[in-house]
Amino acid sequence: MNQLDQIYDNAAEHTKIKILEDVDRYLGSKEAMPTYKEYLSERFHYIDQIWVNVWLNKITTKISKHEKKKYLSDKGYETENVDRKLINHLFRTEMRDYQPFNTSEWLNDRFESKNEEWVDRYKKARAHFLQKAEEERLQRKKYLIRETIEEKIDEIIEQEYSLLYLYIRHMTAKQLTSDFKNKTRYCQVDTFALEEKLEEAGGFNSDAYNAMADFLGELTGNIHKTFHWGKGYFEYETYYYVYKNNISGYLSDTLQTLALRNLPEELFEEYEETYGKPLTGKAVKKLIAHTLHDINESFFESIQEEYVEDLLKLADIPFDPSIHKELFEKDLEDRERQKAEELAEQQRKKEEEARMLEYVFGQEYSPSLERAKRYVLHIGETNTGKTHHALEGMKLASSGMYLAPLRLLALEVYDKLNRDDVPCSLKTGEEEKLVSGSQHLSCTVEMFHEKDFFDVIVIDEAQMITDKDRGFSWYKAITKANANEVHIIGSRSAKSMMLQLLGDADIVLNEYSRDIPLEVEAKEFKFKHVRKGDALICFSRKRVLETASRLQQEGHSVSMIYGSMPPETRKKQVLRFINGETSVIVSTDAIGMGLNLPIRRIVFLENEKFDGTKRRILTSQEVKQIAGRAGRKGLYNIGKVAFTKDIKRMKALLEMEDEPVHTFAIAPTNTVFERFQRYYRDLGTFFELWDKFESPKGTKKAALTEERDLYERIRGTEIEAKLGIMDLYGFLHLPFSKKEHDLVRQWEETMYAIIEGVELPEPRIKNRNLEELELTYKAIGLHLLFLYRLEQRTEALYWERLREEISDHVHERLKTDIKELSRKCRRCGKKLPWEHEFQICDACHTTRSKRYSYYRR
């Protein structure tokens, strides 16, 4: 350790300095000079400790961790994976007794038998000690006189506090009158937007302001410097800063005068004696700086509450304390009374609003179960036959309605009942298929109408009652079902909520368990393990297409399912898998709802999904819903489940006990709008009141985000002016993809056509690629939503046929477009291996990292 000798020498010199400092302190504190031996006998323990402390601190801070570890290793210590604190401790222990510096020997050489030098040291140390003592005494005296003066000034201020405020109030009133008379008013801008030129807006009108605080936000026309979070910025100045500074100036001058006039004479004499100069206004100002700040803040806060009208009356009245006190007390009394009246009025309005909110919203969300005579609950896991049993009961009824979560499921049940010779019509909002003589109806849950009576109503996927956007449709169907018998199908998580919601109704509870067990594979899934009957799950359309392309290129025949796929196309893809035309299916979590397929194994290619806000791990319910599709009685008597990673964690989610649903969603109804229109007529106010309405216990309000966003596009336009509030909300609530810019534009164009009474604009037909075909399908779907809402059924038939053709095109394009599909770097377009983990290639990642590194320097 080459440094050690140098550090040792440095420590020895430092120790000598500290010992001499100790000698001087010791000698200086003694009135009579002690001998050197007396010093040594009293301080030898401390002197030895000085060396130890200095030496250990030096070698701890100056020697590197690497050198310490090397030294300790040479001594036989294990230093790998040992933290810094322990390394330091071991090193200090080893070095404690390393060549101790002999402090006593050094001191003896310096002072023993050198009496003359010791005497000289004592005289200097004692003189220095006495000088410091005198300085400290003087500083203490100065402190005491300052403290006494400050206390006296505080007493003066306390005595004159009311008078001070009356004076400041009068000065402010005069300044305000002058500003109103002589200054220009400017149009408001963001004070930091210095690039915007100020525009004059005429003079000030006192009637435009109630309290002073209202006026202080006005711009002066000047630019000044302010500080935010410790940084200085330039901005347009407001009168807030002008008046605050003015009040501070008035107070500073007045308090100086008051202090100099009222302080006792002996304090002036004592101050001059102590400081060697007279007590002046400047010195007083320094003494009262802290007090001045506090009073300034207090007075300025009070001034902001003053009414402009009161101050303007005050300006021309000469300052007489008794007169101004009388005026102030009267103004204060009037202001307090007015505030009390305003508070009472606010409270009255608040109570009135609370009553209105309860009337408009609160009464709507109490279950009313009197119409249904009997409830049959079908509770269980996925793929247990719940829906089959419920539909069998509906088929035997004289009339029935099936409420589906998806248009595809409504179509499935429509086809199934008609195949089983039970005439059934279809209604989904985007299409109506009326079957002659039918007493049964299959529809999406949003199509439920409480006035329609059926012998049996079947409500599927009841756990969807928790969905923040659509959940209220299930709540309304369950609680307002107009039927002799209502069948409710749901997961185990929905059981307790359903029983709570139905209360004392006549309930039959059927619980279902899987006949086919699920088995989680112990090994991580690799693509080389793909077998016939596998369903590979990922969570984006892009990933589905890429995975399907990869599988096809590796010789597999593939079906696909994803959310934006047309239901007819999805049906064809499913049939290809069922009929054995394809051996593997690639799907998003859309597979988890209502689709019973001959699946041997569910493979989760991803354990996370993007939920519209962030990427998150799948929930236990999501894992169960999807994994439950594995297995088919008589074909696969064990349902296999595989994961690509983190098997232990995902298995735990699959086997976890279902967590009960605790809250359900609520949303506006026609009844709510009918009540609302007794008070207001605009949707803007409706949305504001919806925000204020406190959702009842056990419920959560729908955010209505999409409806609000659409409303903001047409707020204040002819559309809002010409449509009734319920009709307008109905159009805002149409179920289409409101994140698609083209569809939102189509919606807006159609709305203008409706209020202008002209023919609805036709949806744009685009077919250059798969994505355009899918968007065209959605555009036609939106057009059909309008046609059926406007009861233009004849024209709707044409668009339904065209939509089926588009669906066929999508089906065919799926066969061809994915054949040559490959993964590409989203930055440079370079082809990526299928196994590549990221969206960009290694070269682009390296370039980006270097760029970030450059900017961080």
Salt bridge check, Lys395 against Glu392: does any charged N sit closer than 4.0 Å to a carboxylate O?
yes
Could you tell me whether Phe361 and Trp690 have their ring centroids closer than 6.0 angstrom?
yes
Ser807 backbone acceptor or donor facing Thr569 side chain under 3.5 Å
yes
Heavy atoms of other groups near Lys495 NZ, more than 12 under 6.0 Å
no
Ignoring hydrogens and geometry, is there a side-chain-to-backbone donor-acceptor pair from His440 to Met394 under 3.5 Å?
yes
Glu461 and Gln463 side chains, donor-acceptor separation under 3.5 Å
yes
Scanning both residues in full, the closest heavy-atom pair of Ile457 with Ala481 reads CD1-CB, 4.1 Å
Are the aromatic ring centres of Phe472 and Tyr475 under 6.0 angstrom apart?
yes
Got a salt bridge between Lys738 and Asp709, using NZ or NE/NH1/NH2 to carboxylate O under 4.0 Å?
no
Under 4.0 Å between a side-chain nitrogen and a carboxylate oxygen: does that hold for Lys416 and Asp420?
yes
Chi angles and distances behind the side-chain contact (heavy atoms from CB on, under 4.5 Å) call for Glu412, Asp415:
CA-CA 5 Å; Glu412 255 191 26; Asp415 287 338; 6.0 Å; no
I'd like to check Met726 versus Gln677 (side-chain heavy atoms, cut-off strictly below 4.5 Å). Are they in contact?
yes
Output, in order, the C-alpha distance, side-chain angles, deciding distance and verdict of salt bridge (Lys or Arg N to Asp or Glu O under 4.0 Å) for Arg764 and Asp742.
CA-CA 9 Å; Arg764 297 171 179 83; Asp742 288 352; over 6 Å; no
Taking only residues at least two apart or on different chains, which pairs with a member in residues 423-432 satisfy side chain to side chain donor-acceptor pair (under 3.5 Å)?
Arg407-Glu431, Ser425-Ser438, Thr428-Glu431, Glu430-Arg803, Glu431-Arg803, Glu432-Arg793
Main-chain N/O of Leu635 paired with Arg600 side-chain donor or acceptor, under 3.5 Å
no
Just one of Phe686, Phe687, Tyr729 clears the side chain to side chain contact (heavy atoms under 4.5 Å, CB included) bar with Tyr711, so which one?
Phe687
Heavy-atom count check: over 12 atoms from other residues, nucleotides or ligands less than 6.0 Å from Glu511 CD?
yes
Crowded around Glu749 CD? As in, over 12 foreign heavy atoms under 6.0 Å?
yes
Ser620 (side chain) donor-acceptor with Leu653 (main chain) under 3.5 angstrom
yes
For the residue pair Ser513 / Arg492, report whether a side-chain donor-acceptor contact shorter than 3.5 Å exists.
yes
Taking the ring centre of each residue, are Phe731 and Phe786 less than 6.0 Å apart?
yes
Criterion side chain to side chain contact (heavy atoms under 4.5 Å, CB included) against Cys424, the qualifying member of Leu441, Asn418, Val435
Asn418
